[in-house]
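Numbers here simply count residues along the sequence, with the first being 1.
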Amino acid sequence: MRQKELRLALVCYGGVSLAVYMHGITKEIWHMARASRAFHQPGAVPLDGVAEAYRDFLTGIERENGLRLRILPDILTGASAGGINAVFLAQAIHSGHSLEPLTDLWLENADVSELTDPKAEPLWRYGKLWAQPIAEWFLSRPGNAVSETVSPETREEVRRKVSRFVRGRWFSPPFSGARFSAMLYEALVKMAEKGDGVPLLPPGYPVDLVVTATDFRGHPQTLRLNSPPTVEETEHRLSISFRKRVAADAPQPFADNLELVLAARATASFPGAFPPLGIDEIDRLAAAENHHWATRGQFLKRIMPVHVRDGTIGEVALIDGSVLVNAPFGAALAALHGRPAQREVDRRFVYIDPRPDSRAHTPSGPAREIGFFGAIFGSLSTIPREQPIRDDLERIERQSRDAARLKRIVMDLQPDIDRAVEKLFGYTFLLDRPTPKRLAGWRAKAQQAAAERADYAFGAYALAKFDAILDQLARLTLRVAGAGAADTSFVVAALRRELAARGLDRLTDAHGGASAEAIAFFRAHDTGFRIRRLQLLARKLSRDWELDPDIPDDALDHARDRLYAILALYYRTDERVLQNTHFATLAGAAVETPGAVLDFLATERLLPGTDLAAEELLIDAFEEMPKNLKRRMLLTYLGFPFYDVATLPMTRKEGLDEFNPVKVDRISPEDARAIREGGTSATLRGIEFYNFGAFFSRDYRENDYLWGRLHGAERMIDLVVSTVPDALPEARIREAKRKVFLAVLEEEEIAGRCRQRLIEQIRREVGERLG
């Protein structure tokens, strides 16, 4: 049975009140992940509704197409309203919490009546009487915003709520930040209560969450120039990131609830509507909820190191992330690091764009002059969201081309390297009986042969290794020191000077191989080489790498599991020093005393016992392999220096990671037309009133939420179909979509959250279009 992982990196756009629509989509991603978990862990938790329909679809693919597929949404990024949905989805996936309570948050609380600050409400019906004529004029004049952008049946409700808005507090944000934060906290608590506590990803698997915010006052960043050598600029972009591996035993929260509230509240702090977020708001929430925020200092130091260093954390003011970064593709790309593949992987970047039509909702006919409110709403919500993502997509395409090119190079090198290793070792009987002593001797012999064969190119390889290690150590040092993603060049330069003083000014000896000092340095610090070698072995075990078809799949799967247990030993090397308080002190003075940093890392990071344990596990794994698989793996293991010498100077990467091209998919109303044609304008109501429509009408929120679920369900089926090697019959795809659509409608009918007439109307359309 062929096995494959469909890994989803989700990028959620901002969209003001269209957040309700995006919640519907993320709910279907959650249900698909639940179905995938149940498919691979039968009996773990019961399924019903749409999740059961998804599982049946996956079961049918396995039975009829011979593909055992697992869906893993593991990278979640977002801005503004999309950032909120990314935060909640990450918590649900990592910790087995339920998204159901979040639906109530959106439908009940995402309304101007609930979000408005009590101090901004008119105190009585005729409050701010002098403003009433202004409100009447604004709402009833020919061509007014409500008449032009809101459907007739909802205009009265919108006019009533806008009238209260206009007569409320002026020159201060109308919405309450504290009330919003409390709502977010309540939703997280209820998600935990309603969840089953079973993570949706395998144990040890990393989940990454990144949402963007805007640091209104900014923080200083140092730039290096030719002259003057350095200048200070003010940086306003702020990424709030989380990474945590799924626990192997008892479920663990993804992060402290207050940290997730801070991330969601900051990224969605729409300018003018909400007050900027200050840290004191979260502190007051902690006191009100009697919540001990034990990781407060550590968290703030990690996401805002400059403010913590300068003592300005109390002055921080965070506003909406979409102001500067509305589509955080870069954060999703960066999160790919450290995700090697256990089996064949289809990596997708999936972005949710509720308004891909790239135009504001305006009446037909000649373009009107842009008015006061149109300019404000357009500049704050429409233009940033609709800015093309061409640069991001081109970067992903370049990275995908590089991954495909590297894979071709390695596969082209394989026959020559296999012959070179076989010639080096012959068909000795002992090659099939590795021991720690023999393996160490064979490795040394292979590394020496690779250096000699590379000739003068070996110097470039050694330099690439050296530079990569220094950069890795510098980044680790700055991370421990709380400097985050600061420029590593100063630390790298200090480490380089210290190593030169210790005799490591040259990396090669007179014969062209690595010098004794270089060998000692690589042995002490080069985790990248060890990880790359194991990743190559794991990748070799994938069927798409032309392995012997006579080797059974269960042997390949068992071998991969053993290799990734070994990889985990090396991934934990950095985690140990990150928690070391003594190293945090040394890291803070890395530029002044780089020798102390090097000595600590040499003795405490890559422990001698790590290599010994890894080697014993590897020999055990070799012994468990069938003979034909064992010999291939040993040849690849011993031949790795030949591969590394050829590829590292080109890629300058510490690891091969997933080693796959990335494909990009979109989820939007324009891409989901199985039920109704017309795209965004034919299905969504929140686009009215400059994308604020759903904040003024419960009916609109119900409509957009339900269509979000249906569009998300359709695109989930499309994504699964697109990763199956053999094309599925169109009738089978239509039937799968019909089943999930009806399951969604039945769930909502039972829950009673949406109007019955809306459900019945869409059910009729499903019958007419899909039978």
Partner of E746 under side-chain contact (heavy atoms from CB on, under 4.5 Å), chosen from I750, L742, V744: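 So, applying the side-chain contact (heavy atoms from CB on, under 4.5 Å) to E746 and each of I750, L742, V744, only I750 qualifies.
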Residue of the set T26, V11, L18 for which side-chain contact (heavy atoms from CB on, under 4.5 Å) holds with I352: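 Result: among T26, V11, L18, T26 is the only option passing the side-chain contact (heavy atoms from CB on, under 4.5 Å) with I352.
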With T723, the side chain to side chain donor-acceptor pair (under 3.5 Å) member among K663, E5, K4: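 Among K663, E5, K4, the one that satisfies the side chain to side chain donor-acceptor pair (under 3.5 Å) with T723 is K4.
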Is [X] salt-bridged to [Y], going by a charged N under 4.0 Å from an acidic O?
{"X": "E677", "Y": "R769", "result": "yes"}
{"X": "R715", "Y": "E28", "result": "no"}
{"X": "R685", "Y": "D699", "result": "no"}
{"X": "E747", "Y": "R709", "result": "yes"}
{"X": "E100", "Y": "R753", "result": "yes"}
{"X": "E730", "Y": "R734", "result": "no"}
{"X": "K737", "Y": "D718", "result": "yes"}

Would you find a donor on one side and an acceptor on the other, under 3.5 Å apart, between the side chain of [X] and the backbone of [Y]?
{"X": "R55", "Y": "V50", "answer": "no"}
{"X": "R676", "Y": "R673", "answer": "no"}
{"X": "T212", "Y": "S239", "answer": "no"}
{"X": "S98", "Y": "G195", "answer": "no"}
{"X": "T77", "Y": "L10", "answer": "yes"}
{"X": "S95", "Y": "F254", "answer": "yes"}
{"X": "R243", "Y": "V207", "answer": "no"}
{"X": "T683", "Y": "G679", "answer": "yes"}
{"X": "N85", "Y": "G82", "answer": "no"}
{"X": "H236", "Y": "D215", "answer": "yes"}

Euclidean distance, [Y] [atom2] relative to [X] [atom1], rounded to 0.5 Å:
{"X": "R347", "Y": "L8", "atom1": "CZ", "atom2": "CG", "value": "7.5 Å"}
{"X": "E748", "Y": "Q756", "atom1": "CD", "atom2": "CD", "value": "11.5 Å"}
{"X": "L710", "Y": "E765", "atom1": "CG", "atom2": "CD", "value": "10.0 Å"}
{"X": "L76", "Y": "C12", "atom1": "CG", "atom2": "SG", "value": "7.0 Å"}
{"X": "L105", "Y": "I84", "atom1": "CG", "atom2": "CD1", "value": "8.0 Å"}
{"X": "H31", "Y": "I71", "atom1": "NE2", "atom2": "CD1", "value": "14.5 Å"}

Is any side-chain heavy atom of [X] closer than 4.5 Å to a side-chain heavy atom of [Y]?
{"X": "L318", "Y": "T214", "result": "no"}
{"X": "H23", "Y": "T103", "result": "yes"}
{"X": "D665", "Y": "F349", "result": "no"}
{"X": "W106", "Y": "R701", "result": "no"}
{"X": "L72", "Y": "R70", "result": "yes"}
{"X": "L6", "Y": "R348", "result": "yes"}
{"X": "Y351", "Y": "I667", "result": "no"}
{"X": "K739", "Y": "F57", "result": "no"}

Heavy-atom pair of closest approach, residues [X] and [Y]:
{"X": "R265", "Y": "P275", "answer": "NH2-O, 2.8 Å"}
{"X": "D74", "Y": "R7", "answer": "OD2-CD, 4.2 Å"}
{"X": "A35", "Y": "Y54", "answer": "CB-CB, 3.5 Å"}
{"X": "L102", "Y": "A187", "answer": "CD1-CB, 4.3 Å"}
{"X": "L728", "Y": "I733", "answer": "O-CD1, 3.8 Å"}
{"X": "L200", "Y": "A92", "answer": "CG-O, 4.2 Å"}

Derivation of the side chain to side chain contact (heavy atoms under 4.5 Å, CB included) call for L758 and Q761: CA-CA 5 Å; L758 173 64; Q761 169 60 35; 5.6 Å; no
Distance-only donor-acceptor check, side chains D320 and S269, under 3.5 Å: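 No, because no side-chain N or O of D320 sits under 3.5 Å from a partner of the opposite role on S269.
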S668 and D671: side chain donor to acceptor below 3.5 Å: yes
Mutual orientation of the aromatic rings belonging to F329 and Y13 [parallel < 30°, tilted 30-60°, perpendicular > 60°]: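 Judged by the thresholds at 30° and 60°, the geometry between F329 and Y13 is perpendicular.
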Worked check of salt bridge (charged side-chain N to carboxylate O under 4.0 Å, His left out) between E735 and R738: CA-CA 5 Å; E735 178 60 16; R738 187 184 72 85; 2.9 Å; yes
Ring centers of Y705, Y21 separated by less than 6.0 Å: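 No, the ring of Y705 stays outside the 6.0 Å limit from the ring of Y21, centre to centre.
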Intermediate values then yes/no, side chain to side chain contact (heavy atoms under 4.5 Å, CB included), F242 and D208: CA-CA 6 Å; F242 304 82; D208 278 88; over 6 Å; no
